[in-house]
Amino acid sequence: LALSVTRQEAAIVELSVSTERQGDMARIVVSGDVDMLSGRQLAAEIDNAISGSPSAAVVDLSAAGFLDSSGVAVLINGRRQAEEAGVRFRVVGASGIVLQVLTLTGVWEFLNGEAGQ
Amino acid sequence: MRVGRRLSGRADQKLRRIQAVTDAALSSLELDDLLGQLLARTRELLSADTAAIMLVDPVGGDLVATAASGLEEEVRQGLRIPIGEGFTGRIAAQAAPVTLDRVSPDTVVSPILIDKHLSSIIGVPMLAGGKVIGVLHVGSVANRRFTEDDIELLQLVADRASLATQARLSQLDRAATLALQRSLLPARPPAIAGLDVAARYLPGAQVGVGGDWYDLFQLPSGYLGLAIGDVAGNGLRAAVVMGRIRSALRAYAMESDDPADVLTRLDRKIQLFEPQAMATAVYAVLHPDRSTLTVSVAGHLPPILIDADGTVRLLDAPTDLPLGAYRNAGRNNSTVEFAPEAGLLLYTDGLVERRDRLLTDGIDKLLAEITIGPAERLCARVTTALLRDQAGSDDVAILAVRRTGR
């Protein structure tokens, strides 16, 4: 049959995102690479967590291996969305490449800075 | 024996039907002709009176009549149906087949379906990557019950149509994006007295054309504006937003010679008119006497300065938040000397960012490649050195400037 579906999804490291509810707080645990293609998945998870009206949403990047500028945009959009919904928002656990990207683009303090939560 | 023959007769018929819609000869047709052919064949195979395809309009979110056989009026009149409403709207909303045994204003939105005196209609979703991109439906004037086989065949046609549509749309998208990028980013920056300038824009291997841009313009005040930026995202959408941000930056640059002020105004505009967008950027002005640069950095990787004595260093400037990130973000200027023979290199993250190494390693590698000299040679050198091992997956923009005159 001439009907064949080819998927071009080569060379993409899987992203897995899950949300743990810890009391009043939603902890979004990110593992893998956050890039242009997988960023939407993280955006959806953040959106979903915020719509559950927690007191705070925390994005845990300890297990994230890579983050590009579209990933930065997803996190910043998340913070903005959280602010509009009256939810505190904080990004934690970034290290290595991920921390460098967030530091060099000047957003790390902005995303991590809401200390004391 | 009899049963066997009947079964194989049915299987034969099924195969014939499948071949009719998966015929490789269809592949050579333009999208409109292909969809028209598919619909005509489907109508014939199912002995139906009408067959039509409505596609989801990515902008408005409605279904729009796109191709039809026996229902050409729908296409001519540009029928639009909101997702969720009526027969086709329901198919799109549920991403599942729907059969109707009674066509009336209660069950369908399209007045054309009623005018045609259709009794039974059946429709299936067109899916691509798990998303509904349209709906395919066929109708019959005589009352009839569509079978499981009919649904199966329709789904096959819908899959075929989805593939062709997606391929065509992404082709159009790519072509439009590239055309837009080309129109916005002249391959050769304007000649400016006392300056040697070179620039590059390279689409990414993985993402194609994206939202990176560079700009260089002479202002009436005698200042010279230099910009580089990166709109998050890729494809046509990012390129369109980039185009708007780029022209807005030019407009604000005409009103102020203070880069932090220009970026503050630009940020305010993005917050209001492009609330979903985020961009990083560097905007610098070279003073009228060409001896001083004032730079403001919005979430962008640090510019590289080449001092007249050949010292290569990252510009020591505070990195403020990206544009579109946060209302009323504070913005700073840094001012540096720009002596004759000094140079400035602006670049986007695609040049230095790789999955398998630290960003600072990429920047160090870039710094190591830079030597004083003609801007064009510098551009060639850094692109070769940093993009040689692997084509960048992200798009890349580079703007190199060297002061020549005294």
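The chains referred to below are lettered A, B, ... by the order of the sequence lines, with proteins before strands, and numbering in each begins at 1.
Side-chain contact of B/Asp212 with B/Tyr201: a donor-acceptor pair under 3.5 Å is absent, judged by distance alone. B/Asp159 and B/Ser162 share no side-chain donor-acceptor pair at under 3.5 Å.
Only the backbone of B/Pro275 comes within contact range of chain A, judged by heavy atoms closer than 4.5 Å. Proximity to chain A (any heavy atom under 4.5 Å) is restricted, for B/Gln271, to the side chain, taken from C-beta onward. B/Asp320 touches chain A through its backbone: at least one of N, CA, C or O sits under 4.5 Å from a heavy atom, while the side chain does not. With a threshold of 4.5 angstrom between heavy atoms, B/Ala277 approaches chain A through N, CA, C or O but not through any side-chain atom.
Listed in order of number, the residues of residues 92-105 of chain A that approach chain B to under 4.5 Å between heavy atoms are A/Gly96, A/Ile97, A/Gln100, A/Val101, A/Leu104, A/Thr105.
Side-chain contact between B/Ile245 and B/Ile270 is present, with heavy atoms from C-beta onward closer than 4.5 Å.
Of all heavy-atom pairs spanning B/Leu323 and B/Ala281, the tightest one is CD1-CB, 3.9 Å.
The candidate with the highest count of non-hydrogen atom pairs below 4.5 Å against chain A, out of B/Gly211, B/Ala329, B/Ala279, B/Gly324, is B/Gly324. Most heavy-atom pairs under 4.5 Å with chain A: of the set B/Leu301, B/Thr360, B/Asp361, this distinction falls to B/Thr360.
Atom-to-atom distance recorded for B/Leu399:CG and B/Trp213:CH2 is 12.0 Å, nearest 0.5 angstrom.
With sequence neighbours excluded, the residues forming a ring pair (Phe, Tyr, Trp, His ring centres under 6.0 Å) with B/Tyr326 are A/Phe110, listed by chain and number.
Within 6.0 Å of CZ on B/Arg327 lie no more than 12 heavy atoms contributed by other residues, nucleotides or ligands. Heavy-atom contacts from other residues, nucleotides or ligands closer than 6.0 Å to CG of A/Asp24 number more than 12. Heavy-atom neighbours of B/Arg244 CZ from other residues, nucleotides or ligands within 6.0 Å: above the threshold of 12.
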